[in-house]
Amino acid sequence: MKPRVWEKLAELRGPAVVPHPLDARALAALAANPGCRRRALLDGAGVDKTALAAKLGSPAAFGQSQFAFMRGNAFEAKVKADGGRELLRLLGIEEPGSVQVPDLAAAGPEGRAARTSLALREATAAGRWALLDHPMLALEVAGSPAYLEPDAVVVHPDGRWTVVEIKSFPMIDGSADASKVGAAARQSAVYVLALERVAALTEGAEVAHSVLLVCPKDFSNLPTASVVDVRKQLSVTRRQLTRLTRIEDIAAALPEGVTFDVEACSAEELTAAVESVPHAYAPECLSACELAFHCRERARQAGVVETLGRSVRGELGGLTTVEAVLAAARGEEGDPDDPTVEALRRAHALRGEAIAASRGGGSCL
């Protein structure tokens with residue numbers, strides 16, 4: 001990214017504000033909604049969306065509780081204790097001494113990413129097992145670098161690299177909650193994508209398109225593991241991230257003087273700044289974006305059909321507002337030869353017949 005763009009992004013979040021890191025979970029959510037320029041810009045500029053949403057008066061209602069955070073850290077520590085003995089056992093390695101655990105310490109995320117790349121190349125060239133604890137991976141997203149930190153990466157003697165994702169939700173009778181596994185798979189796919197960039201420059205390296213998901217077994221704290229295929233999530237993530245508009249293009253279209261500095265700006269100023277960037281709200285945003293409640297309220301005020309869901313938006317074609325849909329159903333607007341308008345009018349007529357039948361005591365069946 002050009003130096004001038006870096007300066008612009010610093011101005012957007014506030015010159016004295018430390019950039020909020022863009023992690024794999026945020027990237028997975030961003031890839032699920034690549035048309036949202038608002039999120040792409042805020043994430044690319046490192047704006048703290050949680051603080052921004054609170055200042056706007058629409059605080060995020062999701063996130064990991066302190067208890068869940070502590071429980072997750074405790075479980076991960078158990079999995080990696082004693083040189084990663086439990087984790088290596090799940091990989092079928094009974095003797096931890098045969099596994100190399102390189103030191104990945106370095107200054108800053110750039111230094112850690114470089115040290116991780118070197119460790120991966122050295123382990124692959126040595127042709128032996130290696131366990132990289134919290135490696136740092138770099139991935140360019142819409143022209144902006146993101147630094148990602150998976151729980152672990154295992155290097156196999158044959159040159160394969162496997163992402164390890166450790167979660168504290170239980171795996172009961174060999175299976176876990178499907179929605180949680182899906183979220184973990186989408187997050188892991190981002191790590192796999194970043195690893196592929198390093199593997200492309202490493203002779204003999206190959207990134208596995210399946211990840212090792214480690215969870216507590218049943219109702220105990222004993223680690224168990226399951227191999228999760230992430231090829232579908234990887235394909236979707238790669239395609240969606242490629243579609244993202246470059247950050248500098250979005251920033252260049254902003255009015256002069258726009259800033260998202262939560263500390264320096266009033267709620268009114270921040271509202272105007274946020275509204276200067278187009279968004280692509282959908283109900284799915286409520287579980288993935290800190291600004292979802294703010295964007296939903298604005299979408300409702302505008303009466304756009306996106307508030308009803310992407311599938312509904314796709315069915316309605318050129319009818320972009322709820323008022324236009326209702327007018328078409330009542331026969332006040334719209335081309336009667338349009339299949340969408342025809343279907344709406346038929347549905348409106350059936351609804352009227354059903355209401356009339358229920359009021360008259362008859363049956364609408």
Side-chain angles (χ1 to χ4, degrees), residues 1-3 5-10 12-14 17-32 34 39-51 64 69 72-73 76 80 102-123 131-155 161-166 183-184 186-202 205 207 211 230 233-234 237-238 240-242 244 246-248 250-251 288-290:
M1 188 179 291
K2 300 175 182 177
V5 178
W6 278 114
E7 295 173 8
K8 177 64 174 178
L9 295 182
L12 289 176
R13 67 174 176 267
V17 178
V18 177
H20 196 70
L22 183 60
D23 59 16
R25 185 172 299 178
L27 279 181
L30 187 58
R39 172 152 198 172
L41 179 67
L42 294 175
D43 282 346
V47 175
D48 185 345
K49 298 196 300 300
T50 298
Q64 193 175 41
F69 182 76
N73 283 345
E76 182 178 341
K80 294 179 177 178
D103 181 9
L104 303 179
E110 298 91 342
R112 289 185 59 200
R115 182 68 189 91
T116 296
S117 298
L118 178 60
L120 286 166
R121 290 194 294 269
E122 289 176 344
L131 173 63
L132 278 66
D133 184 9
H134 281 290
M136 184 67 72
L137 306 172
L139 181 67
E140 184 175 291
V141 181
S144 179
Y147 292 97
L148 315 171
E149 188 176 4
D151 293 327
V153 171
V154 174
V155 178
W161 301 348
T162 299
V163 170
V164 178
E165 188 67 8
I166 302 173
R186 289 189 293 273
Q187 182 177 339
S188 298
V190 178
Y191 298 139
V192 172
L193 188 61
L195 266 181
E196 287 184 336
R197 302 294 192 270
V198 184
L201 303 175
T202 306
V207 182
V211 303
V230 297
Q233 291 84 356
L234 180 62
T237 300
R238 182 184 288 113
Q240 299 293 60
L241 290 180
T242 302
L244 285 172
R246 295 184 65 82
I247 302 300
E248 52 259 48
I250 304 175
C289 182
E290 295 85 346

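Keep in mind that the numbers below use all heavy atoms, side chains included, and drop hydrogens, waters and symmetry copies. Being a predicted model, the structure only gives us computed values, none of them experimental. Residue indices begin at 1 and follow the sequence shown.
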Participant: Can you give me the closest heavy-atom contact between Asp133 and Lys80, atom names plus distance?
Facilitator: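 Closest pair (atom of Asp133, atom of Lys80, distance): OD1-NZ, 2.5 Å.
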Participant: Do you know the tightest heavy-atom contact between Glu290 and Thr50?
Facilitator: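 Heavy atoms of Glu290 and Thr50 come nearest at CG-OG1, 3.4 Å.
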Participant: Tell me the closest heavy-atom pair linking Ala146 and Leu27, and the distance in Å.
Facilitator: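 Here Ala146 and Leu27 meet closest at CB-CD1, 4.1 Å.
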Participant: Take Leu42 and His20, measure what side-chain contact (heavy atoms from CB on, under 4.5 Å) needs, and give me the verdict at the end.
Facilitator: CA-CA 10 Å; Leu42 294 175; His20 196 70; over 6 Å; no
Participant: Less than 4.5 Å apart, any side-chain heavy atom of Arg112 and any of Tyr147?
Facilitator: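 Arg112 vs Tyr147: side chains apart.
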Participant: Report yes or no: does Arg186 contribute a side-chain atom to a donor-acceptor pair with the main-chain N or O of Ala28 at less than 3.5 Å?
Facilitator: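 Side chain of Arg186 to backbone of Ala28, a donor-acceptor pair under 3.5 Å: no, none is there.
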Participant: Mind listing the closest non-hydrogen atom pair of Ala31 and Pro34 along with its distance?
Facilitator: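 Where Ala31 meets Pro34 most closely, the heavy atoms are O-CD, 3.3 Å.
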Participant: Exactly one of Val211, Val164, Leu234, Leu193 should register a side-chain contact (heavy atoms from CB on, under 4.5 Å) with Ser188. Which one does?
Facilitator: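 The passing option is Val211.
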Participant: Quick one: are Glu149 and Leu137 in side-chain contact, heavy atoms under 4.5 Å?
Facilitator: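 Not touching, per the 4.5 Å side-chain cut-off.
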Participant: What I want to find out is whether Lys49 reaches Asp43 closely enough, with some N-O distance under 4.0 Å, to be called a salt bridge.
Facilitator: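 Result for this pair is yes, salt bridge flagged.
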Participant: With a 4.5 Å limit on heavy-atom distance, are the side chains of Leu120 and Thr202 in contact?
Facilitator: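 Leu120 does not reach Thr202 side chain to side chain.
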Participant: Using 0.5 Å steps for rounding, measure from the OH atom of Tyr191 to the CG atom of Asp23.
Facilitator: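 That separation rounds to 7.0 Å.
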Participant: OG1/Thr237 to CD/Gln187 distance, rounded to the nearest 0.5 angstrom?
Facilitator: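 Rounded to the nearest 0.5 Å, the OG1-CD separation comes out at 11.0 Å.
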Participant: Do His134 and Leu104 have side chains that approach each other closer than 4.5 Å (heavy atoms only, starting at C-beta)?
Facilitator: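 When only atoms from C-beta onward are counted, Leu104 and His134 do not touch, as no gap falls below 4.5 Å.
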Participant: Which atom pair, heavy atoms only, marks the closest approach of Ala29 to Arg39?
Facilitator: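 Closest pair (atom of Ala29, atom of Arg39, distance): CB-NH1, 3.6 Å.
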Participant: Please check if the side chain of Arg115 supplies one atom and the backbone of Asp103 the other of a donor-acceptor pair under 3.5 Å.
Facilitator: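 Pair found, side chain donor or acceptor close to backbone of Asp103.
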Participant: Would a 4.5 Å heavy-atom cut-off, applied to side chains only, mark Ile247 and Leu41 as touching?
Facilitator: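 Yes, side chains in contact.
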Participant: Specify the closest pair of heavy atoms between Val141 and Leu30, including all atoms of both residues, with the distance to one decimal.
Facilitator: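 Answer, listing the atom of Val141 first, then Leu30: CG1-CD2, 4.3 Å.
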